Student: 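Take this structure, written in structure tokens, and hold onto it; I'll ask about it next.
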There are 2 protein chains.
Amino acid sequence: MRKPREEMIAETRAKLIAAGRQAFGTVGYAAASMDDFTAGAGLTRGALYHHFGDKKGLLQAVIQQIDAEMTLRLNRISAAAPNRWQGFVAECVAYIEMALEPEIQRIMFRDGPAVLGDVSQWPTSNGCIAALSRSIEQLKADGVMGDIDTEAAARLINGASSHAALWIAKSDDPEETSRRAVRGFRTLLEGLRVKG
Amino acid sequence: MRKPREEMIAETRAKLIAAGRQAFGTVGYAAASMDDFTAGAGLTRGALYHHFGDKKGLLQAVIQQIDAEMTLRLNRISAAAPNRWQGFVAECVAYIEMALEPEIQRIMFRDGPAVLGDVSQWPTSNGCIAALSRSIEQLKADGVMGDIDTEAAARLINGASSHAALWIAKSDDPEETSRRAVRGFRTLLEGLRVKG
DNA sequence: ATAATTACATACGCGGCGTATGTTGAAGAG
DNA sequence: CTCTTCAACATACGCCGCGTATGTAATTAT
């Protein structure tokens, strides 16, 4: 073997991130015992502190990983749409629906902001905001969307989406609530569209 | 004195809520030591557990108090506007600006949801959502706002507002960012208005 | 070959939380 | 008026989790 060393290290890091992600996503950040989930990965807290500095550092790494996955999914969805506007709407709807997944919801929309502050401000993990901004910029260039500050629009839409997801997830009838939220959201977006 | 007993009890409760509110609003919920801030109020953790059950119970009481204050402020603002639509917009803008206040931001938009789950779902502290919903309902009845699910609209707007506030608060130039956010927000609301 | 650094594990102390157990003073019964 | 009872707290104790300091084995550098 050429580089067993670096591979082992990368593997250790990956194990810790996976273990933390699992724990944070289920019991939540505060209730996740470092002793417990590192032991579950066959390691100790020593490894965690060595690689990530502290508990927050691991959370940051987990968020970065999830954000990358979300960004990839969003890009694929918008690319698959027949035109830019529909791609944009699909992207937003997908964002709401992703926020329904318990792991994403808990880590990205709850504990993340609470522990690290506004996550979208972190330069390492603003992939989703950036993806939304790109879509909006293109729509404005195409004349499909009216005059609105790009970043402001991206953040307002981001906020509406994540809150909508929380609303859906906590409701008694998530399916029905999801339909209501998505319909309202489409109406909201339609208001930004230039009428032809 | 007629009822010194109940007054003392209410005073104790008020002291605990005030102390917790101060601590939660500055150092945050997780870092707030119950021993410390109860001692600051001349009490002990025993009083806290007696009245509120646990730390989360106190947070809930604090949130309820703040929510009542916010609701009152929002109602006054919308009532002071020349017409319903302007009152509604002013209400939304005020909501953004309230979310700029550190105490409100920290407790209502960060630690609250992280610890208790979606706060707007709590029957005791959904005053702001209810206020928004009432305004929207009236606008729809007046024919000023188009067809959109009332609660969905309220929650989407609520989410956009709170996220906008986070964005503003964390930015390098809050004044400028605030202007951008409010402008974008007005554009967003304008899209929901029935054109005449 | 030895020195130095990396990648972890182990050990220790501290602080915070929850509970179990007092203690005091006020309300109600006789 | 006295005794009982219960509410409104304070005190005491133990557990758990975090952070750090230290130890150790393996790899790399010289």
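Letters A, B, ... are given to chains in the order of the sequence lines, protein chains preceding strands, and every chain is numbered from 1. Keep in mind it's a predicted model, so treat the numbers as computed, not measured.
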Student: Could you state the atom-to-atom distance from CD of B:Glu6 to C1' of C:dA26 in whole Å?
Tutor: 12 Å
Student: With the sugar-phosphate defined as primed atoms, P, OP1 and OP2, and the base as all remaining atoms, what B/S/- string results for nucleotides 17-23 of chain D, 5' to 3', for protein heavy atoms under 4.0 Å?
Tutor: SBBB---
Student: Whether A:Arg21 and A:Glu69 form a salt bridge (side-chain N of Lys/Arg under 4.0 Å from carboxylate O of Asp/Glu) is what I want to check.
Tutor: yes
Student: So does A:His50 get a side-chain nitrogen or oxygen closer than 4.0 Å to the phosphate oxygens (OP1/OP2) of C:dA7?
Tutor: yes
Student: What is the separation between atom CZ on B:Phe37 and atom C1' on C:dC17, rounded to the nearest whole Å?
Tutor: 12 Å
Student: Rounding to a whole Å, what distance do you find between B:Leu58:CG and C:dG18:P?
Tutor: 12 Å
Student: Check this for me: does any side-chain nitrogen of one of B:Asp35 and B:Arg45 sit under 4.0 Å from a carboxylate oxygen of the other?
Tutor: yes
Student: Salt bridge check, B:Arg73 against B:Glu101: does any charged N sit closer than 4.0 Å to a carboxylate O?
Tutor: yes
Student: Just the rounded figure in Å: distance from C1' of C:dA9 to CG of A:Leu16.
Tutor: 13 Å
Student: What about A:Ile77 and A:Leu100, same hydrophobic cluster or not, with Ile/Leu/Val/Met/Phe/Trp/Tyr joined at side-chain heavy-atom distances under 4.5 Å?
Tutor: no
Student: At a cut-off of 3.5 Å, list every protein nitrogen or oxygen paired with a nitrogen or oxygen from nucleotides 26-30 of chain D, distance to 0.1 Å.
Tutor:
none

Student: What I want to find out is whether B:Asp111 reaches B:Arg106 closely enough, with some N-O distance under 4.0 Å, to be called a salt bridge.
Tutor: yes
Student: Can you see if the side chain of A:Thr12 gets near the phosphate of C:dC8 - specifically, an N or O under 4.0 Å from OP1 or OP2?
Tutor: yes
Student: I need the CG-P distance between B:Leu48 and C:dC17, as an integer number of Å.
Tutor: 10 Å
Student: Between B:Arg193 and B:Glu190, is the closest basic N to carboxylate O distance under 4.0 Å?
Tutor: yes
Student: Side-chain donor-acceptor contacts of residues 86-98 of chain B below 3.5 Å, not counting sequence neighbours, with atom names and distances?
Tutor:
| residue | atom | partner | partner atom | Å |
| --- | --- | --- | --- | --- |
| B:Glu91 | OE1 | B:Ser135 | OG | 2.8 |
| B:Tyr95 | OH | B:Asn158 | OD1 | 2.6 |

Student: To the nearest 0.5 Å, what is the distance between CG (A:Leu192) and CD1 (A:Ile148)?
Tutor: 5.0 Å
Student: Starting at atom CD1 of B:Ile9, determine the distance to atom C1' of C:dA27, rounded to an integer number of angstrom.
Tutor: 11 Å
Student: Before accepting this row, confirm whether a basic side-chain N of the pair B:Glu137/B:Arg134 lies closer than 4.0 Å to the acidic partner's carboxylate O.
Tutor: no
